[in-house]
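Following: one structure in structure tokens, then a few remarks.
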Amino acid sequence: MGNFFDKTNKSGPKSRTVTPNHTQPPDLAPNAKGHPNRTFKSNRIRTTKYSIITFIPKNLFEQFHRFANLYFIFVVCLNWVPQVAAFGKEIAMIPVIFVLLVTAIKDAYEDFRRYKSDKCINHKTCRVYKHHSSDGDERYVKTEWKDIYAGDIVHLSCDEIIPADILLLHSSDRAGLCHVETSNLDGETNLKQRQVVEGIDYQDKFKPEKFCYEVECDLPNAEIYKFTGYIKHGPDRKKKVPLNKDNLLLRGCTIRNTDFIEGMVVYGGHETKAMLNNRSPRYKRSKLERRINRDVIYCVVLLLLMCFLSAIMSAVWLGAFEDSTIVPFIPFESEEWYNPYFQGFVVFFTYIILFQTVIPLALYVSIELVKLGQVFFINYDLDLYYEKSDKRMECRALNITEDLGQIEYIFSDKTGTLTENEMEFKSCTIWGTDYPHAPEFDENIDDSETDSRYSIGTNISKSSSFAKAFKPWKFEDSQLLQTMENLKIEPGLFREVMTMSLRSLTNVEVTVDSSGGRLTNYNEMEYQKSQKIQDFFLLMAICNTVVVTTHAHEDLMDESGIVHLSPEEEKRLSKLNGKRNGNGNNPHLPPISTISSTVDSLKKPIHPPKLTDSWSFANGGGRESPLRTPSEGSIAGSVYSDMAKIRFEAESPDELALVRAAATYGCCLKKRSHGKVTVHLPGEGAEVEFDLLHILSFDSTRKRMSVIVKHPMTKEIILLTKGADSQVLSVLDKKYKENEEYKKIVEDTEDHLYNYALQGLRTLCMAKRILHKKEYKRWKKKFIEAEAAMQDREEKIMEVACDIEKDFELLGATGIEDKLQDGVPETIKKLREAGINVWVLTGDKQETAIEIAHSSQLFDEDQLMIKLNANDREETEAFLDHELGEIEKDKKKPRPSSARRRMGSTKSLRSVNQKMEYALVVDGKTLAFCLEKSLEKKFLRLTQMCKSVVCCRATPIQKGLVVKLIMDNLKKLSLAIGDGANDVSMIQTADVGVGISGQEGMQAVMASDFAISRFCFLQKLLLVHGHWCYTRLSRFSAFMFYKSLVTVFCIFWYQIYAGWSGAVQFDSIHLMFQHVLYTSLPPIINGILDRDLSAETLLQFPTIYRMGPEDQMYTRKSFFVAAFDSLYQSAILFYLNYLVYTDSVAGVWEFGTTTTVGLILIILFHNAVETFSWIWPQWLITILSFLVYWLFAIVINAIWFSFDHPSNPYWVMQNTMTQPIHFITVVLTLLTCLLPRFVVRVLHRTINPDEIVRAQLWEKEQEMIHLKEMEERSRNEKDGNVPSCSSSPDTIDKDNNDVNGITNNIPDTNHVTTRQRNGDVTFRNGKSHINSGYEHTEM
């Protein structure tokens, strides 16, 4: 999103100036005239669309934007014209009012929910520095969020939600740091580090009243990662302190890892970045809805044809009279009305009113209700609930549920989507030597202790690899030795790391012989290797942004702004403040009126850990076991004894895995503050503090993250970096290309990286560089200029970072395992059997992606793998042409996959007579060429010939372009699924976007249409709920067209015998209520609850899903079949009643009453015939629908209630019910109308069954088998032969043979192996289990 304020105010100001409110007179309100901040919005939010006053006009205005509503309003207005009126003016308004009312109630309910949410948020409280009315002093006062304004100073405690966008002025952290969790804003659950504004001298310490400076900053905008500005300070306000995004705390984030902070509001309410990024659930138009709109056009055409025909026939009928003044039953007002042409023109509009329901008024509102019901049951499906994270399925887009049943392409991310995104350190290579680490399972370690986001020190039991490797070190009492990773310790690495000290980390050789400066015990390469190991682990410990927490955070200020301190605590704080020297870069603790601190810090001072030669246990039992390393170095136990208090909070699971692995070997990160990082070095036996000069954050272009630190002893400036192997190996020192020994190290490292990738491990490369002081000074100057830039700051910082990241010394690389989620292989297999093409779009290495593709069953063992790795466009085109040609040859004459060598490799050989299948792998560089206009057609052809596609090293933009390529060219419904911010592009591009709420935050979820917690949930979401929603809505839509047309055709037949006058045989009140009351609820209930197959069957036979993508359920033919069926049924209904009443004394009202009863019963029974399964709500609604009509007709006919003057249906219903001919006619009509449909159903199920019918027959057979087993078990129990709880192998084999015999009746599903008893379908009391909580009985 861009800054839309800039777009609309190009000639206006480009920034805003915020003045602290406490500098203004106390009686001058922030929004009062004369206040410098009066033009800024308050912090009150309002997301509602309506108010009590504006609801009716605004809601009606929105509803009249729909063409259907406008059409029916036009029809109502026509009915108020006396000459063309067909019904009573009042009764004609009922259907429109009903639809508008239902929609308005739904909108009002949704808006009321928004109102309650706004009210809850606006009435939250925080502490604001202002004039206190009771005592007249200025202090922090409890204030509601809605009463906060730009310029207010706010005090927030740990775990408190930030109420507005706040400029950070002061933090309880001595280094001026604050950590925030932004999950409520951008979905990221990792902590972000923020820094107080530096460069302002408060002379003594920060006090709110001392901050009297103006802040000039950007206009409000939606860019959450961008903020620039400056503070004007100094005597003449000419000095400027630059501001950046690290100084801004955003609304909705949460304060973490900090006792308290103080800051000034710069954006409030709807001007905050959170509110500017706020959006409602997305509105999309489904594929089925587009087909329905097409059929509505057919209805419009049919309506015009019927009106034109009726108008012409009316003119012809009137013209047939020689003396038009004697036309029977039709009184005209004047002689002009006897003109046939004029009569035809007028009656045309009358027929528009009569035939208005050709366009089903209730169709769209009914579809919305059906979808809401479907969404409800999807959201509360327990099979889609993930207990570990306590998250259920969430439907964010309410109007595309049926698209879930028509997906043909799935585009999936890998990390966090197919995998857990919970990283485990598995292996490392250091200076050409591989050190594999095999994990060892410890059943005593709880899952919560190995979480990838937070880590509290975990335990190694007596059976752990650590204890086994070092038997002299006894761990008898252990719960217990505190370490950070459940790894098998590599003894060689452990010995080297245990000697790590400041001296060993220098580049000076300290042990030399007397002759040549050579090492006594090592040659040069071996010494370098030892040093590289130590540098490697130091890099893992400090080259990150991991936050270390060792205590709980407390604020002594209560919610009302009052500080509760004992006299002793006040003296201690005064003494502590007096010892501190103040400067602008390191703010002091605030005075007593604003201070908050932890209880621990008040009661005892912080001392560095004592050195000890023993390991201390976390349980505090006091036992100590003397330990010595093989190198006889002493081990400091403080790193382990304090580990129970340490909590690591990492920005990514990768960083956490590396820090935990380093801590396992004793190189433990203990503290991180602004400009400092503290590490425990085993060889020192103490904590060592490095100056942290700069952090060069990771970006998608460099694909590296670097830190610059200063060695505490030698004062060397060290650059440490980690990142993608391609981006680190490319910036090594030139000796790694010239010297054979160093070239061998790089080659060995690349081999190890390749092997890690084959194992499916994520790889990171590590490197180091010593910077010369002069070079660093020159670079630092450029870096400061880049940081201070107001324009293109990020690009300039990236360029400066690339300038220094070169000529590295290679340290090594790591392999981190990201395990596949449970059920991923089975899910992908089912989806592919369902005819869905699954593509994986990932940013990982090619080898890693291929290994994951094999383990997830995306690639089959018998597929021929094609790899496209090209360096330029011409080479890419040559590869595409070559592969297309080879595949065409294989189609003509298949050959074994080993017959020719591809750009890739093959997994297995295929028979010559078998059809060749292909898997395509494309790297990011080649993909960029493939997506060019000139090559995209060839690339698309190649992908269509491949069964599986993997795009690796793909950027977020490329992911979106791939999805768009398929959608635009193939016109297929696509689904994109991912869990991170880099997946947002493809999620928003696809027809259906699915976000996974995983370790990378909620950004993908916020951009998605549906949110799930696990990839395996996609199986049931598509194959079950998708199929149900699509089939239900398909049948529902066809039925709604049928229901409308059958009524209109009945009226049409009557016009033949009514002189084409526009008269009707029905009471108009019944005609209006028919579609909104009498017959509306049964199809809606069916659309929500009806099931053609059980969930178990749909999962057992995924090929049934193919009916959705192939559009077998709702086609162009569906509308015409419904129209023809309604034409037939209306003809039978009308003419059968006409023949019965032709020579009788019955009047038009009795004839119309019998026809109405038959019409309503035909519609209800037709709906029953279309119902596959019955539950009590369906029975109840169907019966009540007819009873409502029947009772209502009796009541209104008994009280002279009619809108059709001068006729009167008084007592007609009662008289008609007393005639046997009425009941006989209704029954005969019902059977005659529905018999053809019933016969077609029977023939379809017996002669030409589709997959659904065959699966239904299979379900019936399984139910019969189950009933027989129950009867046999009951007989055995009566005879005293109680069978074993587990079936014998013979019984299981017999059951499986029966199931497989039935399975073979379903096309394309005979390859499914049934492993569970009774075909893997659960039955309860002889009835199949229903997911929504009801029990269904199949018809």
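What you see below is based on every heavy atom in this structure, not just the backbone, and it leaves out hydrogens, waters and symmetry mates.
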Interatomic spacing from CD in Glu271 to CE in Met275 - rounded to 0.5 Å:
11.5 Å

Quick one: pull up NE2 in His123 and CD in Glu144 and give me the separation to the nearest 0.5 Å.
4.5 Å

Excluding sequence neighbours, so at least two apart, what forms side chain to side chain donor-acceptor pair (under 3.5 Å) with Gln63?
Asn59

Any side-chain donor near an acceptor of the partner, Glu214 and Thr17, under 3.5 Å:
no

Spacing of CZ belonging to Arg672 relative to CZ belonging to Phe648, to within rounding of 0.5 Å
10.0 Å

Could you tell me the separation between the CD1 atom of Ile166 and the CZ atom of Arg194, rounded to the nearest 0.5 Å?
13.0 Å

Would you confirm whether Lys273, through its side chain, and Lys226, through its main-chain N or O, come within 3.5 Å as a donor-acceptor pair?
yes

Check whether any side-chain N or O of Asn247 sits under 3.5 Å from a backbone N or O of Leu167 as a donor-acceptor pair, and report yes or no.
no

Evaluate the ring pair (Phe, Tyr, Trp, His ring centres under 6.0 Å) criterion for residues His22 and Phe211: first the C-alpha distance (whole Å), next the side-chain angles of each, then the deciding distance (0.1 Å), finally the verdict.
CA-CA 9 Å; His22 64 267; Phe211 186 82; 7.5 Å; no

Examine distances only and state if a side-chain atom of Asp152 and a backbone atom of Tyr149 form a donor-acceptor pair shorter than 3.5 Å.
yes

Given 3.5 Å as the limit, does a donor-acceptor pair link the side chain of Asp111 with the main chain of Tyr50, or not?
yes

Atom pair CG (Asn43) and OH (Tyr267), whose distance is rounded to the nearest 0.5 Å:
14.0 Å

Hey, does Glu216 have a side-chain heavy atom less than 4.5 Å from the side chain of Tyr230?
yes

For Arg251 and His270, indicate whether the former's side chain and the latter's backbone hold a donor-acceptor pair under 3.5 Å.
no

Ser157 and Arg127: side chain to side chain donor-acceptor pair (under 3.5 Å), yes or no, with the steps?
CA-CA 10 Å; Ser157 303; Arg127 289 151 290 187; 2.7 Å; yes

Does the side chain of Thr47 come under 3.5 Å of the side chain of Asp118 through a donor N or O and an acceptor N or O?
yes

Ion pair present between Arg256 and Glu181, side-chain N to carboxylate O less than 4.0 angstrom?
yes

Could you please spell out the steps behind the side chain to side chain donor-acceptor pair (under 3.5 Å) verdict for Tyr129 and Glu262?
CA-CA 10 Å; Tyr129 189 79; Glu262 292 169 297; over 6 Å; no

If I take atom CG from residue Leu248 and atom CG from residue Asp218, how far apart are they, to the nearest 0.5 angstrom?
9.5 Å

Hey, is the main chain of Thr989 close enough, under 3.5 Å, to the side chain of Lys964 for a donor-acceptor pair?
no

